[in-house]
Amino acid sequence: MCGIVGYIGTKQAAPIILDGLARLEYRGYDSAGMAIYDGEKINIRKSAGRLKILENLTRGGESMPGICGIGHTRWATHGAPSDVNAHPHFNTSGTIAVVHNGIIENYIQLRKKMTARGYQFLSETDTEVLAHLLDYYYKGNPLEAVAKVLHRVEGSYALGIMFADCPDQIFAARKDSPLIVGQNEDGCFIASDVPAILKYTRKVFYVDNQEVVRLRADHMHFYSVDEEETEKTPVMIDWDANAAEKAGYDHFMLKEMYEQPKTVSDTLTPRVKGKEIVIEELNMTEEEIKAIRKIHIVACGSAYHAGVTGKYVLEGLARIPVEVDLASEFRYRNPILEEGALVVVISQSGETADTLAALREAKAKGFKVLGIVNVVGSSIAREADNVMYTWAGPEIAVATTKAYSAQLIALYLLAMKFGKTRGKLSDKEFSCLLTDLRRLPDQIELLLNNKLKIQKFANRYIGAKDVFFIGRGIDYAISLEGSLKLKEISYIHSEAYAAGELKHGTISLIEEGTLVAAVSTQPDLYAKTISNMVEVKARGAFVLAVTCEENKEIEKAADYVIYVPETNPYFANSLAIIPLQLFGYYVAVGKGCDVDKPRNLAKSVTVE
Ligand code: AGP
């Protein structure tokens, strides 16, 4: 996620802003910049790369004198990491500067409108449209201009804004992307998150949705987007700096699990326009979509597990044959790709060596590659023919959660888009799927609130030797990911098995008290999975079932049941994986493992 810091007061602004941005580095970024008012005009310095480059460029802020400014670290979503795409963005005359965290969903329409009004754009970003809109609406009243712009943008934003005409004030505004403001005896502050200003004040105000703040050197005023003044109650922060980076969560992994409702919504919402799914970055005509004869999904680890789900969903909804490969296998087996094949590579980091090699293998054979990637400007993003971003923000914990959930959403959207275009989904079926898709963020939120129950159950298995996860169809894909989550952070041996395959050998490992997690979210397979549960119970297993609320029958065969809300069976992975993520997390925490940085693992496996 991007980082925002603003300051107006009696001290030099640039060093304070640089210090604040440095404390937000954990959020991940690929460029940085500052705008400082020097008493006559706004000076802007920005560059791709690490914050250190900006610090060197400005001699620690000394070359940008002034007591009022805004700064930004950018996590690219629209437009690759570059100097020109870095924030702050500004109007043509350089009298207005803005920094932004979030996604302006209607920026393409707004950009067209402003271009038609004669505005010239320098960057590829969605944010720049805000600077020109502010210019268009500014007639001497900055608050009015800000309010008018906010009425016209759709999407999420946390903003810092400054006007050269009004150097005694800066503005903050927020919708969905977090933002706080604070004050001490030396001035007032804007920040994306508490760590940036904890050094200066522990008394902060959390900016509410569609709220605007006018900050002056010695006071702040809060307004609605209709310019009505409002009162705010401050919050005293009692976290230390380290805890503040995790927003009060014990680990980045838990924080990122709790970001999943937003991650899912951020990946989904910009691509659902009314009753249609619009995936502009697909760059495929209807004819090209209809001409697809097979899809090859290639990835590693959790991304591969998402791909296994993608197979079932794409084959089920679009009726396109799908083959899923581990990238490390695909790249060496001289894969047979035939005319009409579409290769889809999935990668959170966009730097996984095996997946990148697989992409190059497919391209070398003359086939188009679609990347489902989280990191803008990453190697896979740059080399894929088309990229569908997951917009999950930077994922710090080695064990993926929010990016994995976003990958699932991307695959659901593709399957629905392809299914509708190829005439495999009726309007009614499509509409029902869309309704279920839109409910997922709230349903995930509901499951996350179940964490204490999961934690209590997990504490019983801190000493476990072997844990098995079984399921059929999509439930097998869910089991793969549930098993990996447990073993990679708790170091407990775990295997996922197609439930029907267990009896062909592995069932010999089941002993008295062995935990078997049976995932059962596919109504057509409920009975089959129950029979597998009975099999393992007969051999002494303790059976945890993860199933849908309607499936009460399962209680006859399970020792412990975790229910998930109703959704379309094709989307069940997005819900059933939540308790399994929490289970793996709490077992690892109970064992005292380094949850965010598990032994032997790297966040991005850039070597073979
Ligand atoms: C999952 O929790 C692991 N971090 C790992 O399996 C990961 O999914 C795999 O290395 C692929 O990484 P990528 O998505 O960045 O390509």
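Just follow the structure's listing: the first ligand is 1, and inside any ligand the first atom is 1. For the numbers below, each heavy atom of this structure counts, side chains included, while hydrogens, waters and symmetry mates do not.
Atoms of ligand 1 lying under 4.0 Å from any heavy atom of V398, numbered from 1 in the order shown and given with element: 2 (O), 3 (C), 4 (N). Residue A399 has at least one heavy-atom neighbour below 4.0 Å for each of these atoms of ligand 1: 2 (O). Proximity to S349 (heavy-atom distance under 4.0 Å) selects the following atoms of ligand 1: 13 (P), 15 (O), 16 (O). Of all atoms in ligand 1, listed by their number and element, those nearer than 4.0 Å to a heavy atom of S302 are 1 (C), 2 (O), 6 (O), 8 (O).
Contact annotation: for L484 versus ligand 1, heavy atoms closer than 4.0 Å belong to the side chain alone. Of the heavy atoms in E488, only side-chain atoms (C-beta onward) come closer than 4.0 Å to ligand 1.
Ionic pairing of R331 and D354 is present here: one or more N-O contacts between side-chain nitrogen and carboxylate oxygen are shorter than 4.0 angstrom. Taking a cutoff of 4.0 Å between a charged side-chain nitrogen and a carboxylate oxygen, D436 and R439 qualify as a salt bridge. With salt bridges taken as basic N to acidic carboxylate O contacts below 4.0 Å, none links E383 and K363.
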Let me see the working for S490 and Y585 under side-chain hydrogen bond (donor to acceptor under 3.5 Å, both in side chains), right down to the final yes or no. CA-CA 8 Å; S490 74; Y585 170 79; over 6 Å; no

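In terms of protein heavy-atom proximity, atom 10 (O) of ligand 1 is closest to V605 CG2, 4.0 Å. Ranking protein heavy atoms by distance to atom 11 (C) of ligand 1, first place goes to C300 O, 3.5 Å. In this structure, the protein non-hydrogen atom closest to atom 16 (O) of ligand 1 is T352 OG1, 2.5 Å.
Annotation: E339, atom CD; neighbour count of heavy atoms from other residues, nucleotides and ligands within 6.0 Å does not exceed 12. Other residues, nucleotides and ligands contribute only 12 or fewer heavy atoms inside 6.0 Å of the CZ atom of R319.
Across the listed options K485, Q581, Q348, E395, Q348 owns the non-hydrogen atom lying nearest to atom 14 (O) of ligand 1.
The aromatic rings of H493 and F468 lie perpendicular to each other, with more than 60° between the two planes, well past the 30° mark.
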